Engineer: 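Structure below; questions to follow.
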Amino acid sequence: MPETITGLPLHPLVVHFVVVLLPIASLGALLCAVWPAVRRRFGWLTVAAAAVATALVPVATMSGDNLKQGLGGGNPLIDRHEELASLMLWWALGLFVAVTALMLAHNAVQRRTAASADEPFDDGSGSVATRRSTGLSVAMVVAALATVALAVGTGVHIYRVGDAGARTVWEDV
């Protein structure tokens, strides 16, 4: 992996992609989990943003390791930033898995709803009956709750990593 691009360190260039995409994916995931209209329109776009951000996190951490080696060790601010950044992949991956599960459950519910709308519901008793809840409904709720938790956690953690990185740069100046 190159350490620089046109003379600039690779790390800040890649980090800016992550710092933009991951909060967008977190906000999109949060909205998809609580707002069905957003889920229908932007759900798969949110999955794509989370996937790209997750793929870029290891590039950012590897380029950060290269930058740290070039600067030399022994800086507690860099060590704190590196410690927090090492957890970022797990948050991003968790968000990606949760929002993907949410969208898969959403699609399954949509297919089941479309299929059941075509056939009349009659329990044979002549009275009005209600449909039983399915495992898909439970899966949808679980996926939505996991997505909300991971979206908030990822948003908080990306802030913590970015704050530690900014302090590393600006408190040493």
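Predicted, not measured: the structure shown is a model, and the values here were computed from it. Sequence positions, counted from 1, serve as the residue numbers for this chain.
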Engineer: Going by the salt bridge (charged side-chain N to carboxylate O under 4.0 Å, His left out) test, which pairs reach into residues 13-42, not counting sequence neighbours?
Structural biologist: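 Of all non-adjacent pairs touching residues 13-42, none passes salt bridge (charged side-chain N to carboxylate O under 4.0 Å, His left out).
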Engineer: Of the non-hydrogen atoms in Thr154 and Trp91, which two are nearest, and what is the gap between them?
Structural biologist: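 Result for this residue pair: OG1-O, 3.3 Å.
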Engineer: Quick one: does Ile5's side chain get under 4.5 Å of Leu13's, heavy atoms only?
Structural biologist: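 The answer is yes, as the side chains (C-beta and beyond) meet within the 4.5 Å cut-off.
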Engineer: Linking I/L/V/M/F/W/Y whenever their side-chain heavy atoms sit closer than 4.5 Å, directly or via other members, would Val19 and Leu8 fall into one cluster?
Structural biologist: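 No; tracing contacts between hydrophobic side chains, which count when under 4.5 Å, never links both residues.
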Engineer: Checking Leu71 now: which residues fulfil side chain to side chain contact (heavy atoms under 4.5 Å, CB included) with it, not counting sequence neighbours?
Structural biologist: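 For Leu71, the residues satisfying side chain to side chain contact (heavy atoms under 4.5 Å, CB included) (neighbours in sequence not counted) are Leu67, Ile78.
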Engineer: List the atom pairs, with distances to 0.1 Å, where a side-chain N or O of residues 96-111 and a protein N or O form a donor-acceptor pair under 3.5 Å, not counting sequence neighbours.
Structural biologist:
from: Thr100; atom 1: OG1; to: Phe96; atom 2: O; distance (Å): 2.7

Engineer: Would you mind reporting whether Val47 and Trp44 have side-chain heavy atoms less than 4.5 Å apart?
Structural biologist: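 Touching, per the 4.5 Å side-chain cut-off.
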Engineer: Shortest non-hydrogen contact from Leu56 to Val14?
Structural biologist: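 The pair with the smallest heavy-atom distance is O-CG1, 3.9 Å.
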Engineer: Tell me which pairs pass salt bridge (charged side-chain N to carboxylate O under 4.0 Å, His left out) where either residue lies in residues 83-93, with sequence neighbours left out.
Structural biologist: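 Pairs touching residues 83-93 that pass the test: Arg80-Glu83.
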Engineer: Report whether Ile158 and Leu89 are members of the same hydrophobic cluster (ILVMFWY, side-chain heavy atoms less than 4.5 Å apart, transitive linking).
Structural biologist: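 Yes, Ile158 and Leu89 fall within the same hydrophobic cluster.
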Engineer: If you link I, L, V, M, F, W and Y whenever their side-chain heavy atoms are under 4.5 Å apart, who else ends up in the same group as Val141?
Structural biologist: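 Besides Val141, the cluster holds Leu145.
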Engineer: If hydrophobic clusters are built from ILVMFWY residues whose side chains come within less than 4.5 Å, do Val52 and Phe17 share one?
Structural biologist: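 Hydrophobic grouping puts Val52 with Phe17.
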Engineer: Checking Thr54 now: which residues fulfil side chain to side chain donor-acceptor pair (under 3.5 Å) with it, not counting sequence neighbours?
Structural biologist: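 Thr54 satisfies side chain to side chain donor-acceptor pair (under 3.5 Å) with no residue once adjacent residues are dropped.
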Engineer: Applying side chain to side chain donor-acceptor pair (under 3.5 Å), can you list everything that pairs with Asp163, at least two apart in sequence or on another chain?
Structural biologist: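 Expected list: Arg167.
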Engineer: Hey, can you pull the donor-acceptor pairs under 3.5 Å for the side chains in residues 22-38, sequence neighbours left out?
Structural biologist:
from: Ser26; atom 1: OG; to: Leu22; atom 2: O; distance (Å): 3.0

Engineer: In chain order, what residues pass the salt bridge (Lys or Arg N to Asp or Glu O under 4.0 Å) check against Asp65, with sequence neighbours excluded?
Structural biologist: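 With neighbours one apart ignored, the set is empty.
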Engineer: Using the rule that Ile, Leu, Val, Met, Phe, Trp and Tyr join whenever any side-chain heavy atoms are under 4.5 Å apart, tell me whether Met62 and Leu10 fall into a single cluster.
Structural biologist: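 Same hydrophobic cluster.
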Engineer: Sub-3.5 Å donor-acceptor pair from the side chain of Thr61 to the main-chain atoms of Pro58, do we have one?
Structural biologist: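 Indeed, once roles are kept as given, a pair shorter than 3.5 Å links the two residues.
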Engineer: Is Leu21 linked to Val18 within one hydrophobic cluster, defined over Ile, Leu, Val, Met, Phe, Trp and Tyr using a side-chain heavy-atom separation of less than 4.5 Å?
Structural biologist: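 Result: yes, single cluster for both.
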Engineer: According to the salt bridge (charged side-chain N to carboxylate O under 4.0 Å, His left out) rule, which pairs have a member within residues 18-30, sequence neighbours left out?
Structural biologist: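 Found none.
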Engineer: Who are the side chain to side chain donor-acceptor pair (under 3.5 Å) partners of His157, not counting sequence neighbours?
Structural biologist: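 Listed in chain order: nothing, the list is empty.
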Engineer: What side-chain hydrogen bond (donor to acceptor under 3.5 Å, both in side chains) pairs are there with at least one residue in residues 8-21, not counting sequence neighbours?
Structural biologist: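 For residues 8-21: His11-Ser63.
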